[in-house]
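To start, the structure itself, in structure tokens.
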Amino acid sequence: MWIYEFSYSGGETDWVFAPNMKEAKDFYLRFTGCGDLSATTVKRVPKRKWSEMYLLDPNESEPYDDDEEYNEDDYSCGLKIIETFAEYAERNTTTDMIATTEY
């Protein structure tokens with residue numbers, strides 16, 4: 001299984017977990033209802049990068065209060081880290097949309 005990145009010129013990015021590029025594209029078109037991928041750049045994310053990329057919880061922001069004790073390493077881009085892409089890939093075996101910057 002691999003992780004595929006779908007990028008748009010407007011800055012939105014989606015990631016799909018799939019066994020190959022064809023299945024990733026087919027799944028993405030069905031999942032999003034997108035008519036075609038002509039405005040999309042699709043690339044396979046190297047496995048060495050998976051541990052540097054995170055699934056984030058958009059409902060849990062990093063605390064703003066300087067007095068509050070928390071572990072800064074638990075947050076990325078101001079949001080709580082759920083797990084790395086590598087951790088996700090270790091426990092999953094089916095094609096799925098795993099992350100998006102559009103929410």
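Only this structure's heavy atoms are used, side chains among them; waters, hydrogens and symmetry mates stay out.
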Item to check | Non-neighbouring partners of Arg91 that pass salt bridge (charged side-chain N to carboxylate O under 4.0 Å, His left out), sequence neighbours left out | outcome: Glu83

Checklist outcome for this item: One should read off an interatomic distance between Met1 CE and Lys47 NZ, to the nearest 0.5 angstrom, of 10.5 Å

Under 3.5 Å, which donor-acceptor pairs do the side chains of residues 23-36 form with other protein atoms, sequence neighbours left out?
| residue | atom | partner | partner atom | Å |
| --- | --- | --- | --- | --- |
| Glu23 | OE2 | Thr95 | OG1 | 2.5 |
| Asp26 | OD2 | Lys22 | NZ | 2.7 |
| Tyr28 | OH | Tyr8 | OH | 2.9 |
| Tyr28 | OH | Asp14 | OD2 | 2.4 |
| Arg30 | NH1 | Asp26 | O | 3.4 |
| Thr32 | OG1 | Tyr28 | O | 2.7 |
| Thr32 | OG1 | Cys34 | N | 3.2 |
| Asp36 | OD1 | Ser38 | N | 2.7 |
| Asp36 | OD1 | Ser38 | OG | 2.5 |

Checklist outcome for this item: All heavy atoms of Leu55 vs all of Ala99, minimum pair found to be CD2-CB, 3.9 Å

Checklist entry - Residues two or more places apart in sequence or in another chain: which of them pass ring-ring contact (aromatic ring centres under 6.0 Å, His included) with Trp15? => result Phe85

Next on the checklist: Closer than 3.5 angstrom, by distance alone: can the side chain of Tyr4 be matched with the main-chain N or O of Met21 as a donor-acceptor pair?
Outcome noted: yes

Checklist outcome for this item: Applying ring-ring contact (aromatic ring centres under 6.0 Å, His included) to Tyr88 and not counting sequence neighbours gives Phe17

Next on the checklist: If the condition is side-chain contact (heavy atoms from CB on, under 4.5 Å), which residues does Lys43 pass it with, not counting sequence neighbours?
Outcome noted: Glu5

Checklist entry - Is there a donor-acceptor pair under 3.5 Å between the side chain of Thr101 and the backbone N or O of Thr13? => result yes

Next on the checklist: Determine whether a donor-acceptor pair (N or O, by modelled atom type, separation under 3.5 Å) exists between the side chain of Trp50 and the backbone of Val45.
Outcome noted: yes

